[in-house]
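These notes are about the structure you will find just below.
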Amino acid sequence: QVQLVESGGGLVQAGGSLRLSCVASGTIFSINAMGWYRQAPGKQRELVAGITSGGSTNYADSVKGRFTISRDNAKNTVYLQMNSLKPEDTAVYYCKSTLSAWGRTRMDYWGKGTLVTVSS
């Protein structure tokens, strides 16, 4: 079975930083794109940052210049470094990976999320 597990969320004051991690485990054949999404109370889930297998990145306009996504292919891990956090960043952050499990069709897998709360 494939599993994505996020970690690193918590409570931080505005202007502070957090680093989120997501580890993919299981019978994985290959991992393609990985990304971070977030969902704030009363709002739709949105893409925060994504990274391809080749290392190309993209970010939501609201986090450009503040967040950085990276990956360690050897560890099947994706990171999200969040700096200059704002109260508006408060949300549950979800890790998503587009991957192929052994003997399975390529599909998207989601973690259960980690809560980030930014106080003012």
Side-chain angles (χ1 to χ4, degrees):
Q1 299 183 31
V2 174
Q3 185 177 26
L4 302 182
V5 179
E6 304 99 332
S7 63
L11 175 64
V12 65
Q13 288 187 296
S17 299
L18 286 174
R19 184 177 177 85
L20 306 183
S21 299
C22 173
V23 180
S25 62
T27 55
I28 299 170
F29 175 72
S30 64
I31 299 178
N32 299 104
M34 301 187 78
W36 289 95
Y37 292 71
R38 69 185 181 187
Q39 187 165 25
K43 295 193 174 184
Q44 297 182 35
R45 187 174 298 187
E46 63 175 348
L47 173 68
V48 177
I51 185 167
T52 68
S53 60
S56 297
T57 60
N58 65 93
Y59 299 89
D61 289 340
S62 60
V63 307
K64 286 182 178 178
R66 299 189 297 121
F67 291 10
T68 302
I69 188 171
S70 61
R71 64 189 291 171
D72 186 333
N73 293 331
K75 297 181 179 180
N76 289 342
T77 301
V78 63
Y79 306 94
L80 185 67
Q81 178 67 45
M82 305 185 294
N83 298 325
S84 301
L85 283 162
K86 305 174 181 179
E88 305 92 273
D89 296 318
T90 295
V92 176
Y93 284 70
Y94 297 90
C95 176
K96 190 200 80 172
S97 178
T98 303
L99 59 81
S100 298
W102 280 100
R104 303 286 185 175
T105 302
R106 181 188 298 172
M107 63 177 290
D108 293 342
Y109 292 84
W110 291 85
K112 295 186 181 299
T114 184
L115 177 63
V116 172
T117 303
V118 184
S119 63
S120 60

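- Transitive grouping of hydrophobic side chains (ILVMFWY, heavy atoms separated by less than 4.5 Å) keeps Val23 and Val2 in distinct clusters.
- Remark: Ser62 OG to Glu88 CD distance equals 9.5 Å, nearest 0.5 Å.
- Applying the 6.0 Å contact sphere to CZ of Arg19 captures more than 12 heavy atoms from other residues, nucleotides or ligands.
- Linking ILVMFWY residues whenever their side-chain heavy atoms come closer than 4.5 Å, directly or via other members, places Val48 and Leu20 in the same cluster.
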### Task
Start with the C-alpha gap between Lys112 and Glu6, add the side-chain angles, then the distance that decides, and say whether salt bridge (Lys or Arg N to Asp or Glu O under 4.0 Å) holds.
CA-CA 7 Å; Lys112 295 186 181 299; Glu6 304 99 332; over 6 Å; no
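- Across every non-hydrogen atom of Asp89 and Val118, the tightest pair is CB-CG2, 4.3 Å.
- Listed here is the closest heavy atom pair of Pro87 and Ser120: CG-CB, 3.8 Å.
- Residues satisfying the salt bridge (charged side-chain N to carboxylate O under 4.0 Å, His left out) test with Lys64, not counting sequence neighbours, are Asp61.
- Under the 4.5 Å side-chain contact rule for hydrophobic residues, Val116 and Leu4 share a cluster.
- When every heavy atom of Gly8 is checked against every heavy atom of Leu18, the shortest pair comes out as O-CD2, 3.8 Å.
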### Derivation and outcome, side chain to side chain contact (heavy atoms under 4.5 Å, CB included), residues Arg66 and Met82
CA-CA 6 Å; Arg66 299 189 297 121; Met82 305 185 294; over 6 Å; no
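- Note on Phe67 and Ile69: same hydrophobic cluster, where clusters join Ile, Leu, Val, Met, Phe, Trp and Tyr whose side-chain heavy atoms are under 4.5 Å apart, directly or indirectly.
- Formation of a donor-acceptor pair under 3.5 Å by the Trp36 side chain with backbone atoms of Cys95 is not found in this model.
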### Task
Show the numbers, then the answer: is there a side chain to side chain contact (heavy atoms under 4.5 Å, CB included) between Ser21 and Lys75?
CA-CA 11 Å; Ser21 299; Lys75 297 181 179 180; over 6 Å; no
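- Going from atom CE of Met107 over to atom CZ of Arg104 covers 9.5 Å, rounded to the nearest 0.5 Å.
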### Task
Would you check, one step at a time, whether the test side chain to side chain contact (heavy atoms under 4.5 Å, CB included) holds for Leu99 with Asn76?
CA-CA 11 Å; Leu99 59 81; Asn76 289 342; over 6 Å; no
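- Residues Gly111 and Tyr94 come closest through the heavy atom pair O-CD2, 3.6 Å.
- Here the CD-CD1 distance, from Gln3 to Ile28, works out to 10.0 Å after rounding to the nearest 0.5 Å.
- With values rounded to the nearest 0.5 angstrom, Arg45 atom CZ is found 5.0 Å from Trp110 atom CH2.
- Hydrophobic clustering, with ILVMFWY side chains joined whenever heavy atoms are under 4.5 angstrom apart, keeps Tyr79 apart from Val63.
- Classified by interplanar angle (parallel below 30°, tilted 30° to 60°, perpendicular above 60°), the ring pair Trp102/Phe29 is perpendicular.
- For Arg71 (side chain) and Thr52 (main-chain N/O), a donor-acceptor pair under 3.5 Å exists by modelled atom type.
- Residue Ile31 comes nearest to Ser97 through the heavy atom pair CG2-OG, 3.4 Å, listed as atom of the first residue, atom of the second, then distance.
- In terms of the ring pair (Phe, Tyr, Trp, His ring centres under 6.0 Å) criterion, Tyr59 has no residue partners (sequence neighbours excluded).
- There is no side-chain donor-acceptor pair under 3.5 Å between Ser53 and Asn32.
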